[in-house]
*Asks:* 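Let me begin by handing over the structure; questions about it come next.
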Amino acid sequence: MSDNFVIAVASGKGGTGKTTVATNLACIASASGRKVQYLDCDVEEPNGHIFLKPQVTVSQEVAVDVPQVDPEKCTGCGKCGEICQYNAILCIKENVLTFEQLCHSCGGCIRICPTSAIKVKSLKIGDIEFGKANQIDFVGGKLQIGHVRTPTLIKEVKKHIKQDCLTIIDVPPGTSCPVVAAVKDTDFVLLVTEPTPFGLNDLKLAVELIRELNLPFVVVINRHGIGNEEIKKYCETENIDVIMKLPDDRRIAEAYSSGKMIVDVLQEYIEHFSKLCDYLEGVKEKLNEKRRLRIRRKNIP
């Protein structure tokens with residue numbers, strides 16, 4: 001995978017083994033000689049570092065602009081509240097209230113204020129850490145406790161995607177705005193699920209989301225064997241490829257609970273992730289060929 005290829009590892013629900021797949025895939029891809037970058041975009045509860053154990057060399061604060069009102073200049077006209085679509089600023093009689101967590105930093109209130117009573121205030125929402133896990137480039141976001149600007153921090157983490165390498169993005173669980181921010185503009189999605197009723201329900205939601213974003217994807221089943229065959233039947237009905245099945249192996253759970261990589265502790269699983277790497281190599285080549293064909297068609301007079 002010498003060319004840039006961005007893979008999002010997502011799941012409809014938490015606890016399916018998304019980080020397990022993402023970190024072990026990164027480890028095996030790097031061990032095979034590929035240039036690999038791991039981005040932990042599960043910024044509310046990042047845990048990729050527990051398994052990859054990177055040496056963090058740089059930490060960078062991420063801040064956003066929020067409004068700060070000067071009561072001496074404010075006339076209480078209420079125009080700032082009228083323009084705000086998120087109710088982040090509200091004029092009540094002579095007082096202006098600001099709700100920083102609701103603010104989307106559009107700057108509309110600042111521009112519309114007739115007396116220039118609103119200024120920009122910097123608000124820290126989290127941090128981004130950079131480091132190395134052996135040969136893997138590590139980038140991880142950590143949202144400040146009590147803050148809700150998850151998509152904003154995820155977008156900042158994704159700004160550090162490198163070219164000419166395999167980039168693996170550990171996506172937040174679910175199907176909400178943070179997930180959209182993490183998977184948007186990626187090349188391919190691995191949807192990790194489990195063979196349980198909850199797993200099936202949330203997989204369906206995740207599939208709907210990924211299809212709405214028009215992204216190619218396949219399914220990975222973790223803890224295969226603990227439930228029924230409903231996941232398999234659903235994927236067959238929807239023509240979804242199941243590319244890997246990780247069995248319900250107690251040894252995997254023991255390794256995970258100790259913060260250890262499966263492929264380091266259980267050598268037989270190296271083959272599983274090696275095959276996944278080879279499959280993704282083929283996907284990348286097919287996508288590149290499609291891009292080349294589109295470019296040729298555009299250049300045809």
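A quick note: this is a predicted structure, and the numbers were derived from the prediction, not measured.
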*Asks:* Of Glu44, Glu129, Glu45, which meets salt bridge (charged side-chain N to carboxylate O under 4.0 Å, His left out) against Lys142?
*Replies:*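 When salt bridge (charged side-chain N to carboxylate O under 4.0 Å, His left out) is applied between Lys142 and each of Glu44, Glu129, Glu45, only Glu129 qualifies.
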
*Asks:* Take Val6 and Asn4 through the side-chain contact (heavy atoms from CB on, under 4.5 Å) test and state the conclusion after the steps.
*Replies:* CA-CA 7 Å; Val6 182; Asn4 189 49; 3.9 Å; yes

*Asks:* Tell me if the CD atom of Gln101 is crowded by more than 12 foreign heavy atoms within 6.0 Å.
*Replies:*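 Enclosed: over 12 neighbouring heavy atoms sit under 6.0 Å from CD of Gln101.
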
*Asks:* Through direct or indirect side-chain contacts below 4.5 angstrom among Ile, Leu, Val, Met, Phe, Trp and Tyr, which residues connect to Phe99?
*Replies:*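 Phe99 shares its hydrophobic cluster with Leu90, Ile92, Leu97, Leu102.
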
*Asks:* Is Val64 linked to Ile89 within one hydrophobic cluster, defined over Ile, Leu, Val, Met, Phe, Trp and Tyr using a side-chain heavy-atom separation of less than 4.5 Å?
*Replies:*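 No, no single cluster joins them.
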
*Asks:* Charged N to carboxylate O under 4.0 angstrom, Asp278 versus Arg34?
*Replies:*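 Judged by the 4.0 Å cut-off on N to carboxylate O distance, Asp278 and Arg34 do form a salt bridge.
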
*Asks:* Is Lys121 paired with Asp65 through a side-chain N to carboxylate O contact shorter than 4.0 Å?
*Replies:*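 No, no charged N to carboxylate O under 4.0 Å.
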
*Asks:* How far apart are the C-alpha atoms of Asp241 and Tyr279, what are their side-chain angles, what is the distance that settles it, and do they pass the side-chain contact (heavy atoms from CB on, under 4.5 Å) test?
*Replies:* CA-CA 12 Å; Asp241 290 334; Tyr279 173 83; 4.2 Å; yes

*Asks:* Mind checking whether Ile136 and Pro54 have side chains closer than 4.5 Å, heavy atoms only?
*Replies:*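 Ile136 vs Pro54: side chains apart.
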
*Asks:* With no hydrogens and no angle check, is any side-chain donor or acceptor of Asn24 less than 3.5 Å from a backbone partner on Ile262?
*Replies:*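 Yes, because the side chain of Asn24 sits within donor-acceptor range (under 3.5 Å) of the backbone of Ile262.
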
*Asks:* Determine, for Lys233 against Glu230, whether the closest basic-nitrogen to carboxylate-oxygen distance falls under 4.0 angstrom.
*Replies:*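 Salt bridge present between Lys233 and Glu230.
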
*Asks:* Look up atom NZ in Lys284 and atom CZ in Phe5, then write down how far apart they are to the nearest 0.5 Å.
*Replies:*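 Answer rounded to 0.5 Å: 8.0 Å.
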
*Asks:* Could you tell me whether the side chain of Ile128 reaches within less than 4.5 Å of the side chain of Leu153, counting heavy atoms only?
*Replies:*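 A side-chain contact under 4.5 Å exists here.
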
*Asks:* Hydrophobic cluster membership, with links at side-chain heavy-atom distances under 4.5 Å among I/L/V/M/F/W/Y: are Leu25 and Val265 in one?
*Replies:*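 Yes.
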
*Asks:* What distance separates Thr186 OG1 from Leu39 CG, expressed to the nearest 0.5 Å?
*Replies:*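 It comes to 11.5 Å.
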
*Asks:* List the steps and the verdict of salt bridge (charged side-chain N to carboxylate O under 4.0 Å, His left out) for Glu254 and Arg251.
*Replies:* CA-CA 5 Å; Glu254 290 174 350; Arg251 296 174 303 163; over 6 Å; no

*Asks:* To the nearest 0.5 angstrom, please state how far the SG atom of Cys91 sits from the NZ atom of Lys79.
*Replies:*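 Atom-to-atom, Cys91:SG and Lys79:NZ are 12.0 Å apart.
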
*Asks:* Inspect the surroundings of CD in Gln55 and state if more than 12 heavy atoms from other residues, nucleotides or ligands are less than 6.0 Å away.
*Replies:*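 For Gln55, atom CD is not crowded (no more than 12 foreign heavy atoms under 6.0 Å).
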
*Asks:* Do Leu209 and Val179 make a side-chain contact, defined as non-hydrogen atoms from C-beta onward lying under 4.5 Å apart?
*Replies:*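 They are in contact (side-chain heavy atoms under 4.5 Å apart), so the answer is yes.
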
*Asks:* Is there a side-chain contact between His147 and Leu123 (heavy atoms, below 4.5 Å)?
*Replies:*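 Result yes, sub-4.5 Å side-chain heavy-atom pair found.
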
*Asks:* Is there a side-chain contact between Asp70 and Lys119, using heavy atoms and a 4.5 Å cut-off?
*Replies:*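 With C-beta onward as the side chain, the pair stays apart.
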
*Asks:* Under the side-chain contact (heavy atoms from CB on, under 4.5 Å) rule, what do Met244 and Phe273 come out as? Steps first, then yes or no, please.
*Replies:* CA-CA 8 Å; Met244 185 170 72; Phe273 287 96; 3.7 Å; yes

*Asks:* Would you say that Leu190 contacts Val218 through its side chain, given a criterion of any heavy-atom pair below 4.5 Å between the two side chains?
*Replies:*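 When only atoms from C-beta onward are counted, Val218 and Leu190 do touch, with a gap below 4.5 Å.
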
*Asks:* Side-chain heavy atoms under 4.5 angstrom apart, residues restricted to Ile, Leu, Val, Met, Phe, Trp, Tyr: same cluster for Leu200 and Ile210?
*Replies:*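 The answer is yes; both residues are in one hydrophobic cluster.
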
*Asks:* In this structure, would Phe188 and Val180 fall into the same cluster of hydrophobic residues linked by side-chain contacts under 4.5 Å?
*Replies:*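 Unlinked, Phe188 and Val180 end up in two clusters.
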
*Asks:* State whether Glu156 and Lys159 are salt-bridged, where the test is any N-O pair (Lys NZ or Arg NE/NH1/NH2 against Asp/Glu carboxylate O) under 4.0 Å.
*Replies:*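 Result for this pair is yes, salt bridge flagged.
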
*Asks:* With a cut-off of 6.0 Å (strictly less than), are more than 12 heavy atoms of other residues, nucleotides or ligands near CD of Glu289?
*Replies:*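 Check passes, neighbour count above 12.
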
*Asks:* Heavy-atom count check: over 12 atoms from other residues, nucleotides or ligands less than 6.0 Å from Glu268 CD?
*Replies:*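 Correct, the count exceeds 12.
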
*Asks:* Any donor and acceptor pair, going by atom type alone, linking the side chain of Thr175 with main-chain N or O of Gly12 inside 3.5 Å?
*Replies:*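 No, Thr175 side chain to Gly12 backbone: no donor-acceptor pair under 3.5 Å.
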
*Asks:* Locate the shortest heavy-atom distance separating Ile118 from Cys80; write the atom from each residue and the value.
*Replies:*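 Where Ile118 meets Cys80 most closely, the heavy atoms are CD1-CB, 3.8 Å.
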
*Asks:* With a 4.5 Å heavy-atom cut-off, do Tyr256 and Thr20 have their side chains touching?
*Replies:*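 Yes, side chains in contact.
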
*Asks:* Parallel, tilted or perpendicular for Phe138 and Tyr38, by the 30°/60° rule?
*Replies:*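 Phe138 vs Tyr38 ring planes: parallel.
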
*Asks:* Ignoring hydrogens, what is the shortest heavy-atom contact between Val157 and Gly141? Give both atom names and the distance.
*Replies:*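 The pair with the smallest heavy-atom distance is CG2-CA, 3.8 Å.
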
*Asks:* Tell me, yes or no, whether the heavy-atom count around Lys53 atom NZ, taken from other residues, nucleotides or ligands under 6.0 Å, exceeds 12.
*Replies:*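 Counting other residues, nucleotides and ligands, NZ of Lys53 exceeds 12 neighbours.
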
*Asks:* Just how far is it from atom OG of Ser258 to atom CZ of Phe51, taken to the nearest 0.5 Å?
*Replies:*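 Atom-to-atom, Ser258:OG and Phe51:CZ are 9.5 Å apart.
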
*Asks:* For residues Thr16 and Ser11, report the shortest heavy-atom separation together with the two atoms involved.
*Replies:*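 Heavy-atom minimum between the residues: OG1-CB, 3.3 Å.
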
*Asks:* Are Leu166 and Ile243 connected in the hydrophobic side-chain network, where two residues link if heavy atoms are under 4.5 Å apart?
*Replies:*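 In one cluster with Leu166: Ile243, yes.
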
*Asks:* Within the distance-only criterion (no hydrogens, no angle test), does the side chain of Asp40 pair as donor or acceptor with the backbone N or O of Gly48 below 3.5 angstrom?
*Replies:*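 The answer is yes, because a donor-acceptor pair under 3.5 Å joins these two groups.
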
*Asks:* How far does CD of Glu194 sit from CG of Leu203, to the nearest 0.5 angstrom?
*Replies:*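 It is 10.5 Å, given to the nearest 0.5 Å.
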
*Asks:* Once rounded to the nearest 0.5 Å, what's the spacing between atom OG1 of Thr193 and atom CD1 of Ile221?
*Replies:*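 CD1 of Ile221 is found 7.0 Å from OG1 of Thr193.
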
*Asks:* Count the heavy atoms belonging to other residues, nucleotides or ligands that lie under 6.0 Å from CG of Asn47, then report whether that count exceeds 12.
*Replies:*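 Correct, the count exceeds 12.
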
*Asks:* Does some side-chain heavy atom of Ile270 sit less than 4.5 Å from a side-chain heavy atom of Ile28?
*Replies:*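 Result yes, sub-4.5 Å side-chain heavy-atom pair found.
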
*Asks:* Please check: side-chain N/O of Arg149 versus main-chain N/O of Leu143, any donor-acceptor pairing under 3.5 Å?
*Replies:*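 No.
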
*Asks:* Main chain of Val36, side chain of Ser30: is a donor-acceptor contact present, judged purely on distance under 3.5 Å?
*Replies:*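 The answer is no, because no donor-acceptor pair under 3.5 Å joins these two groups.
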
*Asks:* Identify which one of Arg211, Lys232, Lys204 satisfies the salt bridge (charged side-chain N to carboxylate O under 4.0 Å, His left out) criterion when paired with Glu238.
*Replies:*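 One option only clears the test, and that one is Arg211.
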
*Asks:* For Lys286, does the NZ atom have more than 12 heavy-atom neighbours from other residues, nucleotides or ligands under 6.0 Å away?
*Replies:*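 Count not over threshold, so no.
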
*Asks:* Heavy-atom count around Asn134 CG within 6.0 Å, excluding the residue itself: above 12?
*Replies:*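 No.
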
*Asks:* Sequence neighbours left out, what passes salt bridge (Lys or Arg N to Asp or Glu O under 4.0 Å) with Lys124? Give chain and number order.
*Replies:*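 Lys124: salt bridge (Lys or Arg N to Asp or Glu O under 4.0 Å) contacts with Glu61, Asp127.
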
*Asks:* With side-chain contact (heavy atoms from CB on, under 4.5 Å) as the criterion, how do Val220 and Val9 come out once you've worked through the C-alpha distance, each side chain's angles and the decisive distance to 0.1 Å?
*Replies:* CA-CA 10 Å; Val220 172; Val9 183; over 6 Å; no

*Asks:* Could you pull out the closest heavy-atom pair between Asp42 and Lys18, with the gap in Å?
*Replies:*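 Residues Asp42 and Lys18, closest heavy atoms: OD2-NZ, 3.7 Å.
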
*Asks:* Taking all atoms of both residues into account, what is the closest heavy-atom pair of Ala182 and Lys158, and its distance?
*Replies:*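 Reported closest heavy-atom pair: O-NZ, 3.1 Å.
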
*Asks:* Between Val69 and Pro71, what is the shortest heavy-atom contact and its length?
*Replies:*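 Nearest pair, atom of Val69 first, then Pro71: O-CD, 3.3 Å.
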
*Asks:* Are Glu271 and Lys275 close enough for a salt bridge, meaning some N to O gap below 4.0 Å?
*Replies:*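 Yes, charged N to carboxylate O under 4.0 Å.
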
